[in-house]
Undergrad: 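My structure is below; once you've seen it, I'll send some questions.
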Amino acid sequence: MTQWFDFVASAASGAFVLICLAEGTRRWAAYGFHRTAVWMTAFGVIFCFAYSGFSYWKHLALRDMGQSNQNKIFTNELAADWGKDLSPVKREEASAALARLVFVESGKLRDYIDKVGERKRFSPTEEDIRNREVAVITQTRLADAARSNLGEAIVWLIWGAVAALFGVGVARDKAHFPVSRSEDGGARSSNTRGSP
């Protein structure tokens, strides 16, 4: 229910802003510089740039969040003397935890060091595979949301420019066919004279 309300509210406010921008530029082009046209145009331009800027900021934030989740600190294999100060049990637990973290974050299988000091290939459990799936879904959703916000930022700039050009175009189109009262009155009087 909230999503529908958000959609209707953003669509209505967006339509109102674009109409204000188009009408403001139309008045400006048709009648010149006056307060109402300036306020309407300024309101439309500020809103379009603000919404576009906010969407671009969200794009950057989501992109950075997605990149920070892809931790690349432990992508290399552990050195042979890694954790030599730890007890054999702690060394195995810590190296297995690092191998599990690498699998969940990147999907790569890496060796860990067992109690005897030998390298063994990490074998993920069902829980590790579920955690990897959650990480992939999260990364995909973050990337989709970042792309969507970038598209929204660009679309708001394009729609703002289109609305402004539409307003100017409508004003210029009507300017090609001016009908003043004197011309209209003269045409009527000549029609009246010519009629029997």
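One is the number of the first residue; the rest follow in order along the sequence.
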Undergrad: Kindly compute the distance separating CZ (Arg100) from CD (Glu93), expressed to the nearest 0.5 Å.
TA: 10.0 Å
Undergrad: Under 4.0 Å between a Lys/Arg side-chain N and an Asp/Glu carboxylate O for Asp144 and Arg147?
TA: yes
Undergrad: So, for Trp159 and Leu18, which heavy atoms are closest and what is the spacing to 0.1 Å?
TA: O-CD2, 3.7 Å
Undergrad: Looking at every non-hydrogen atom in both residues, tell me the closest pair between Tyr112 and Arg121 and how far apart they are.
TA: CE2-O, 3.9 Å
Undergrad: Measuring centre to centre across the rings, with the benzene-like ring taken for any Trp, is Phe49 within less than 6.0 Å of Trp156?
TA: no
Undergrad: For the atom pair CD (Glu127) and CZ (Arg132), what is the distance rounded to the nearest 0.5 Å?
TA: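 Going from the CD atom of Glu127 to the CZ atom of Arg132 covers 15.5 Å.
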Undergrad: Find out if a path of hydrophobic residues (ILVMFWY) with successive side-chain heavy-atom gaps under 4.5 Å connects Tyr31 to Trp28.
TA: no
Undergrad: How long is the straight-line distance from CG of Leu150 back to NZ of Lys58, given to the nearest 0.5 Å?
TA: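 If we round to the nearest 0.5 Å, Lys58:NZ and Leu150:CG are 12.5 Å apart.
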Undergrad: Can you give me the closest heavy-atom contact between Ala29 and Ala171, atom names plus distance?
TA: CB-CB, 3.6 Å
Undergrad: Are Ile154 and Leu60 connected in the hydrophobic side-chain network, where two residues link if heavy atoms are under 4.5 Å apart?
TA: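 Yes: a chain of side-chain contacts under 4.5 Å links Ile154 to Leu60.
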Undergrad: Parallel, tilted or perpendicular: which one describes the rings of Phe54 and Trp57, with boundaries at 30° and 60°?
TA: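 Phe54 and Trp57: parallel rings.
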Undergrad: Looking only at atom types and distance, does a side-chain atom of His59 sit under 3.5 Å from a main-chain N or O of Asn149, one as donor and one as acceptor?
TA: no
Undergrad: Could you state whether Val17 and Ile46 fall into the same hydrophobic cluster, counting links through intermediate Ile, Leu, Val, Met, Phe, Trp or Tyr residues with side-chain heavy atoms under 4.5 angstrom apart?
TA: no
Undergrad: How close do Met40 and Cys20 get, counting heavy atoms only, and between which atoms?
TA: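 Closest heavy-atom pair between Met40 and Cys20: CB-O, 3.6 Å.
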Undergrad: How many angstroms lie between atom CD1 of Ile113 and atom CD of Glu92, to the nearest 0.5 angstrom?
TA: 10.0 Å
Undergrad: Going hydrophobic residue to hydrophobic residue with side-chain gaps under 4.5 angstrom, can you get from Phe103 over to Leu98?
TA: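 Hydrophobic grouping puts Phe103 apart from Leu98.
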Undergrad: For Gly117, is there any backbone N or O sitting under 3.5 Å from a side-chain donor or acceptor partner on Arg91?
TA: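 No: the side chain of Arg91 does not pair with the backbone of Gly117.
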Undergrad: Restricting to non-hydrogen atoms, name the atom on Cys48 and the atom on Gly160 that form the minimum distance, rounded to 0.1 Å.
TA: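 Heavy atoms of Cys48 and Gly160 come nearest at SG-CA, 3.8 Å.
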Undergrad: Is it true that Glu133 and Arg130 have a side-chain N and a carboxylate O under 4.0 angstrom from each other?
TA: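 Salt bridge: no.
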Undergrad: In Å, rounded to the nearest 0.5 Å, how long is the span from OG of Ser52 to CG of Leu157?
TA: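 The distance works out to 3.5 Å.
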Undergrad: So, taking the atom named NZ in Lys108 and the one named CZ in Phe122, what distance separates them when rounded to the nearest 0.5 Å?
TA: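 Answer for the NZ-CZ pair, Lys108 versus Phe122, is 15.5 Å.
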Undergrad: Between the main-chain N or O of Leu21 and the side-chain N or O of Thr41, is there a donor-acceptor pair closer than 3.5 Å?
TA: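 Absent.
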Undergrad: Atom CZ of residue position Arg141 - does it have more than 12 heavy atoms of other residues, nucleotides or ligands inside 6.0 Å?
TA: no
Undergrad: Would you say the side-chain atoms of Thr25 pair up with the backbone N or O of Ala22, donor to acceptor, closer than 3.5 Å?
TA: yes
Undergrad: Do Arg63 and Leu142 have side chains that get closer than 4.5 Å, going by heavy atoms?
TA: no
Undergrad: Does a side chain donor of either Glu152 or Tyr51 reach within less than 3.5 Å of an acceptor in the other side chain?
TA: yes
